[in-house]
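First listed ligand is number 1; within each ligand, the first listed atom is number 1.
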Amino acid sequence: MKTTLSIIKADTGSVGGHNKPSELMVKKAKEVVENGINKGLFTDGRVTYTGDDIALLMVHSKGVDHPDIHKFAWDTFLETTKIAKSQGLYGAGQDLLKDAFSGNVRGMGPGSAEIEIEERAAEPFIVFAGDKCGPGVFNYPLFEGFASPYHNAGLLLAPEMKAGFTFHIMDVNYTEADRVISLKVPEDYYDICVLLRDPNHYVIESVVENATGLVAAVASTARLHNIAGKYVGKDDPVAIVRSQKQFPSTGEILSPWALAHLTLGDNRGSHHVAVMPVKQNTIISYFDGPTIMSAAGYCVHEGKLTEAVDYFDQPFWDVVREKASLKTLDMRAQGFYGPTMAGMDELEYTGVVENLKRLNEKFVVRKHV
Ligand code: F6R
Ligand code: MG
Ligand code: MG
C-alpha cells in the first residue's frame with residue numbers, strides 16, 4: 001500500500017500583527033487532527049506553526065489531491081479562524097480566499113505540498129515551512145541540494161545519483177492553468193539556471209530522480225496575489241523532501257540553507273532579506289520578519305510518524321542565524337533604494353503605483369538644448 005504525505009498550511013489569524021497564531025488556535029488544530037486520526041481519516045498527523053502560519057502534516061493512503069484530506073484541512077482552518085475571530089486576533093481567516101470549498105485547497109489560499117510514496121524500509125523525509133516569503137525561496141536550496149556537488153557530495157560519491165534529477169518547474173505568473181516545464185540535470189543544467197534565477201516567476205514544483213523515477217521533493221507553488229488579484233499576505237510556502245540512500249543525504253539537503261540566501265518577502269512582502277533557518281514554532285518580529293524557514297525531519301513507517309527532529313535547532317545554525325540577521329540588516333540599511341525593495345512588477349502593495357500616477361502628472365517636459 002502506498003503512503004501519502006500531505007502538508008497544508010494557512011495563516012488564519014495572529015496575535016499582535018502578523019506574528020504567530022494564538023495558543024488556542026494551535027490547541028484547536030491539534031484536537032481536530034487528533035480526531036481525524038481517531039476517525040481513521042488519516043493514519044498520523046502533526047500541527048506546527050511558522051510565524052503566523054499553521055501547518056498540518058497528514059499521513060494517509062488516499063493519494064494526493066484527495067478531497068477528504070483537503071476538506072479536512074479547509075475545515076480545520078475554518079475552526080482556527082473562528083477562534084481567531086472570537087479572540088479578536090489580527091488577520092482572522094487571512095489565507096482563506098474563497099467562500100466555499102470546492103474539492104481542493106489549491107487556488108483557494110492555503111499552501112500545500114503532497115507526495116505519494118512506496119515506503120522504503122526506512123523512509124526519512126524533511127518538511128520545510130517558511131513565513132514571509134514566496135515559493136521561489138526553494139529555488140536556490142533545492143537546486144543546489146540536488147544538482148550541485150558543492151552541497152550534494154553524493155553526486156560524486158554515490159553511483160545511484162549519477163544519472164541526476166529532473167526538475168519540474170512552474171511558471172507561476174500563468175494563472176489560467178498549470179504551465180510546467182521538465183528539465184534534467186546534468187543535460188539541461190544551464191537552462192534550469194536561466195529559469196530559476198527568477199524565483200518570483202519560475203518555481204520548482206517537484207524533483208524526480210532520473211535513475212529510479214522516484215519523486216524526491218515537492219513544493220507548494222501558490223502565489224496568493226495571483227489568486228486574489230491583490231496583496232493578501234505572502235505565500236509562505238511548504239515543501240517535502242525525501243532523503244538518504246538513492247536521494248541526497250539529509251545534511252546535503254540542509255547544506256544550502258547555510259548561505260542564508262536573499263529572497264523576496266519580509267515586511268509587506270516587498271523586501272529582499274536573508275532567509276533565517278529557525279526552530280519550529282518560531283515567531284515573526286523584526287520588520288515583520290525576518291523571512292524564516294523551519295525544517296522538521298521524520299521517518300514514516302506503515303503510515304505512522306516518528307517524533308520530529310528539529311534540524312535548525314542545533315548550535316551550527318546559530319552562526320547562520322547571526323549571518324542572516326547581519327545580511328538582512330545590511331539590506332535594511334539601504335532602505336527603499338534599488339534592489340532592497342521589490343521591483344515594480346513584484347511590489348505587493350499598490351501605494352507606489354498610485355503615487356507614481358499622481359506624480360507623473362506633475363512632470364514637465366523640457367526640450368533638449
Ligand atoms: C508580510 C506581512 C506584513 C504585513 C504588514 C501590513 O507578509 O504579513 O508585513 O504586510 O504588517 O499588514 P496589513 O496590511 O495587514 O496592515
Ligand atoms: Mg499574516
Ligand atoms: Mg504567514
Exercise for review: Answer yes or no: are there more than 12 heavy-atom neighbours, outside E23 itself, under 6.0 Å from its atom CD?
Suggested key: no
**Study point:** Hydrophobic cluster partners of Y298 (side-chain heavy atoms under 4.5 Å)
**Key:** L5, I7, L57, V59, I115, I117, F125, V127, V208, V215, V218, V238, I240, V300, L305
Check your understanding: Do L183 and M161 share a hydrophobic cluster, counting only Ile, Leu, Val, Met, Phe, Trp and Tyr and linking them when any side-chain heavy atoms are less than 4.5 Å apart?
Key -> yes
Check your understanding: Quick check, are the ring centers of F128 and W257 under 6.0 angstrom apart?
Key -> yes
Review point. So, are K357 and E354 salt-bridged, with charged N and O less than 4.0 Å apart?
Key: no
Point to revise | If only protein N, O or S atoms under 2.8 Å count, total around the Mg ion (ligand 3) | key: 5
Identify all pairs of nitrogen or oxygen atoms, one from ligand 1 and one from the protein, separated by less than 3.5 Å, and list them with distances.
{"unit_1": "ligand 1", "atom_1": "7 (O)", "unit_2": "Y231", "atom_2": "OH", "d": "2.7"}
{"unit_1": "ligand 1", "atom_1": "9 (O)", "unit_2": "N267", "atom_2": "OD1", "d": "3.2"}
{"unit_1": "ligand 1", "atom_1": "9 (O)", "unit_2": "R268", "atom_2": "N", "d": "2.8"}
{"unit_1": "ligand 1", "atom_1": "9 (O)", "unit_2": "D288", "atom_2": "OD2", "d": "2.6"}
{"unit_1": "ligand 1", "atom_1": "10 (O)", "unit_2": "Y349", "atom_2": "OH", "d": "2.9"}
{"unit_1": "ligand 1", "atom_1": "11 (O)", "unit_2": "D288", "atom_2": "OD2", "d": "2.5"}
{"unit_1": "ligand 1", "atom_1": "12 (O)", "unit_2": "H18", "atom_2": "NE2", "d": "3.2"}
{"unit_1": "ligand 1", "atom_1": "12 (O)", "unit_2": "Y349", "atom_2": "OH", "d": "3.4"}
{"unit_1": "ligand 1", "atom_1": "14 (O)", "unit_2": "Y349", "atom_2": "OH", "d": "2.5"}
{"unit_1": "ligand 1", "atom_1": "15 (O)", "unit_2": "H18", "atom_2": "NE2", "d": "3.0"}
{"unit_1": "ligand 1", "atom_1": "15 (O)", "unit_2": "Y90", "atom_2": "OH", "d": "2.7"}
{"unit_1": "ligand 1", "atom_1": "16 (O)", "unit_2": "Y90", "atom_2": "OH", "d": "3.0"}

Review point. Would the number of heavy atoms belonging to other residues, nucleotides or ligands and lying under 6.0 Å from NZ of K279 be above 12?
Key: no
Study note, to complete from the structure: Connected to V203, directly or through other members, by ILVMFWY side-chain contacts below 4.5 Å are M170, V172, V180
Review point. With distance as the sole test, does D95 use its side chain to make a donor-acceptor pair with the main-chain N or O of T12 at under 3.5 Å?
Key: no
Point to revise | Donor-acceptor contact present, side-chain N19 to main-chain I284, <3.5 Å | key: yes
